[in-house]
Amino acid sequence: MALHLSRRDYLGLMAAAPGFMAAGPATAAGGAADRERRMRWWHQAKFGMFIHWGLYSVLGRHEWVMEIEGIPVAEYEKLADQFNPKPNAARYWAKLARQAGQKYMVMTTKHHEGFCLFHSQYTDYCAPKRACGRDLVKEYVEAARAEGLRVGFYYSLMDWHHPDGARCAEDEAARKRFVAYIHGQIRELMTNYGKIDILWYDVAWPLDAKGWESERMNKMVFELQPDIIVNNRNRLEGDFSTPEQRIQAAKGKAWEACMTMNDSWGYHAADDAWKSPKTIVRNLITCARQGGNYLLNIGPRADGSVPEESVKILGSVGRWMARNGDTIYGADPCQVWQAKCCSFTRKGKTLYVQSHFWPGETLAIAGLRCKVLSVKMHATGQPVKFEQDEFRVRCFGLPPAAPDDPVTTLDFECDAEPTQDMLYVRRNRPRRGV
Ligand code: GLC
């Protein structure tokens, strides 16, 4: 999943760095400086937990099951009589997130199925008025706060349950009713749960920004929550873009890659396509290197329990983050990228060399255009012997087996911001006559 950037791309990603946000385009919330202020914690945080939870969790066959299996609304609705999670399941998720090193959470308050996990005056199709009898968004917010995590709300604009949810594109009266419903629910979410840090819109089908009245939507959100950040999925630019299931740096703009741990967002009992902890850590490093964030999903079961595999993966990632988190949080964009055994992050003049395929006693990096002053093992602080010439830095005397798992970090202290030029190596390395 590593992304290789040209120098031009690098300029783009530098422009997305926190310090550069002041030059970005103005927003409904009060301009670029205001955006930089609201986004600051998020740029530091780098790593969040996504939670997909709803009636689909009862069936355990993906969050799109209603549409994919063509389940009639009247039949699907009955799941609301079965969805009755144990109280405060979110406390466990929040602990899991904190231990994994995640700094914020984003939970589905309403997915495309239309069922609301929060109390809404606009519908009876919501957890407090059905079998569950409790406001699950309230429980979630309290849980996240108790663990010191920032709180995000995912909210799907597309709605497969609301009678106007599809016809609103052709029928103006339906659009007006539907937009009043959606705006009304967003107002509830922005009013009833205290300070909210992120609003994460999803799927704007079947309307455009004009149809959704998205400018007015964001304006209301910022009036109610002056510190909030919003994504780009209500068909406006928002504060950050949301590449899905892939890592793609946005030029001149903040971005967050969201990803599942297997192939499904909602709980899927049979989905065993789990990523390894190494893949997850490498993805997180790749995001941090390019100035982005990583939002990693769990799909709890209907009772709120989390699939064991997800717990195991988050545990490994968390143990790694406990030793190496300071190479991720607040990382600066890093231009160095070329090495098949390593990825990189950077803070100031320190290059973190993150080796995922441990090469053994000697580890070499080509093309660095700065002087390396010292090298040490990140986790233990142990100094590492190295030598540097014009073309490479070579560390030697390293342990034959990888000292850390799943990725080992070495700190290269440099005399300037580390950059790399592989063409310089290719062109100038002395050649011998044929
Ligand atoms: C998509 C999917 C959805 C998932 C989301 C996460 O829009 O429709 O199921 O919630 O992406 O990014």
Side-chain angles (χ1 to χ4, degrees), residues 1 42 47-71 76 79 93 97 102 104-118 136-137 140 152-162 165-166 182 185-186 189 198-209 212 214 229-248 250 254-271 273 275 280 283-284 287 292-302 306-307 310:
M1 182 72 59
W42 185 89
F47 191 25
M49 174 184 272
F50 213 173
I51 303 120
H52 276 67
W53 202 39
L55 298 185
Y56 43 81
S57 316
V58 177
L59 297 178
R61 298 195 297 274
H62 197 276
E63 79 282 357
W64 274 66
V65 61
M66 179 179 175
E67 177 133 317
I68 286 163
E69 297 186 7
I71 304 174
Y76 191 89
L79 295 170
W93 314 337
Q102 294 165 317
Y104 59 101
M105 301 171 89
V106 179
M107 184 185 76
T108 52
T109 60
K110 183 197 85 166
H111 203 261
H112 313 332
E113 63 179 10
F115 184 72
C116 303
L117 300 192
F118 56 99
L136 298 172
V137 168
Y140 156 72
F153 287 169
Y154 164 108
Y155 180 82
S156 173
L157 301 172
M158 175 164 79
D159 193 314
W160 298 330
H161 180 264
H162 193 286
I182 296 291
Q185 290 202 326
I186 293 172
L189 288 169
I198 303 169
L199 180 57
W200 216 99
Y201 300 115
D202 196 18
V203 185
W205 186 90
L207 299 174
D208 57 13
W212 286 112
S214 297
I229 60 174
V230 300
N231 76 352
N232 63 345
R233 292 198 183 177
N234 67 347
R235 300 213 197 273
L236 295 180
E237 193 193 348
D239 293 311
F240 61 97
S241 66
T242 52
E244 181 172 320
Q245 302 287 38
R246 65 186 201 284
I247 297 174
Q248 187 175 10
W255 58 278
E256 171 188 70
C258 56
M259 227 180 258
T260 49
M261 273 194 248
N262 53 2
D263 284 352
S264 317
W265 298 95
Y267 173 58
H268 196 315
D271 182 345
K275 296 176 181 68
I280 303 278
N283 285 340
L284 176 57
C287 290
N293 280 22
Y294 192 47
L295 185 64
L296 181 64
N297 184 70
I298 59 167
R301 297 187 189 89
V306 179
S310 304

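Whatever order the structure lists them in is the order used to number ligands and atoms, beginning at 1. Residue indices begin at 1 and follow the sequence shown.
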**Student:** Should the pair R235-D208 be classified as a salt bridge under the 4.0 Å nitrogen-to-oxygen rule?
**Tutor:** no
**Student:** Counting distance only, does the side-chain N/O of S57 pair as donor-acceptor with the main-chain N or O of R301 below 3.5 Å?
**Tutor:** no
**Student:** Please enumerate all residues that pass ring-ring contact (aromatic ring centres under 6.0 Å, His included) together with W265, with sequence neighbours excluded.
**Tutor:** F50, H52
**Student:** Tell me every residue that passes ring-ring contact (aromatic ring centres under 6.0 Å, His included) with F153, counting only those two or more places apart in sequence or in another chain.
**Tutor:** Y193
**Student:** List for me each residue that meets side chain to side chain donor-acceptor pair (under 3.5 Å) alongside W160, sequence neighbours excluded, and say none if there are none.
**Tutor:** E67
**Student:** Which protein residues have a heavy atom under 4.0 Å from ligand 1?
**Tutor:**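 The 4.0 Å shell around ligand 1 contains F50, H52, E63, W64, H111, H112, Y154, W200, D202, V203, R233, E244, C258, W265.
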**Student:** Do F240 and W42 have ring centres separated by under 6.0 Å?
**Tutor:** yes
